[in-house]
Amino acid sequence: MTVILRRVNRIVLGLVGLLLVVLGGAVLASGFDLAVPSWWPWSGPSDVLLSRADRQRWRDEGWWWPVVIAVLGVIVLLALWWLLAQLRRARLAEILIDTGDGEVATVRGRTLETVLEADAAAQDGVARARVALSGRRTAPRTRVAMRLEPYASPGAALTTLTTEGLANARTSVGLSTLPTEARFRAVKHRARRVT
């Protein structure tokens, strides 16, 4: 599904971009009184995009405003759907697990993220951990962001994350590898006074 969404996304964005560039360039060319094709409806800087008659043609019709509002509403809903699809796409919804008998089981991505977050946050010196799964359903990747207390060792936190949390997750979902990007930040704290 994500591959199809990515292709549709690229095609739609490419077509909309091409249409906007062509129309914008043609209107700009006629605005600067450059040479435009003879069939182009706007031929000079004094021309308007919509004449007064065109703007007022349907105003008195009873169906005009409901249709305009409905079309604009559909365009807004499609734009919101597209925006939400872009935001949702970043996280992996589920992971496919080969059960060995020809069947496939699924594990919810959010469940695995929650377990990894709990394992990482349970370490000594870790104030908070966030985990996000991405990639394909058969080959997930993880991004781990950990906030460390001032006394914590990043090396020790990384070793514990690798040997315990990620190893357990990899074993439980039957993956040979689980590529991970780990980022560490220190918790902001006040400097201690030495007396």
Apart from Val115 itself, its cluster of hydrophobic side chains linked below 4.5 Å comprises none
If you link ILVMFWY side chains whenever their heavy atoms are less than 4.5 Å apart, which other residues fall into the same cluster as Leu96? By chain and number, please. Val104
Of all pairs that satisfy salt bridge (Lys or Arg N to Asp or Glu O under 4.0 Å), the ones with a partner from residues 169-181, not counting sequence neighbours: Glu181-Arg183
In one Ile/Leu/Val/Met/Phe/Trp/Tyr side-chain cluster, 4.5 Å: [X], [Y]:
X	Y	answer
Val71	Val68	yes
Trp63	Leu72	yes
Leu18	Val16	no
Ile75	Trp65	yes
Trp81	Leu13	yes

Residue of the set Leu166, Thr180, Thr111 for which side chain to side chain contact (heavy atoms under 4.5 Å, CB included) holds with Leu116: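 Testing each of Leu166, Thr180, Thr111 against Leu116, the sole residue satisfying side chain to side chain contact (heavy atoms under 4.5 Å, CB included) is Leu166.
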Could you tell me whether the side chain of [Y] reaches within less than 4.5 Å of the side chain of [X], counting heavy atoms only?
X	Y	result
Asp119	Glu164	no
Arg128	Glu117	no
Leu161	Val144	yes
Trp64	Ile69	no
Leu133	Ile95	yes
Thr162	Leu158	yes

Mind listing the side-chain donor-acceptor pairs of residues 171-179 below 3.5 Å, one per line with the distance, residues two or more places apart or on another chain?
{"residue": "Thr171", "atom": "OG1", "partner": "Ala167", "partner atom": "O", "Å": "2.9"}
{"residue": "Ser172", "atom": "OG", "partner": "Asn168", "partner atom": "O", "Å": "3.2"}
{"residue": "Ser172", "atom": "OG", "partner": "Ala169", "partner atom": "O", "Å": "2.9"}

Run the salt bridge (Lys or Arg N to Asp or Glu O under 4.0 Å) test against Arg137 and tell me which residues pass, sequence neighbours left out.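 Here the qualifying residues are Glu94.
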Looking at every non-hydrogen atom in both residues, tell me the closest pair between [X] and [Y] and how far apart they are.
X	Y	value
Ala129	Ala121	CB-N, 4.0 Å
Pro154	Phe184	O-CZ, 4.2 Å
Arg147	Ala186	NH1-O, 4.0 Å
Glu149	Ala127	OE2-CB, 3.3 Å

For Thr160, side chain to side chain donor-acceptor pair (under 3.5 Å) partners two or more places apart: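 Partners of Thr160 under the side chain to side chain donor-acceptor pair (under 3.5 Å) test: none.
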Between Arg143 and Glu113, is there a side-chain N and carboxylate O pair less than 4.0 Å apart?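 Not counted as a salt bridge, because no side-chain N and carboxylate O are separated by less than 4.0 Å.
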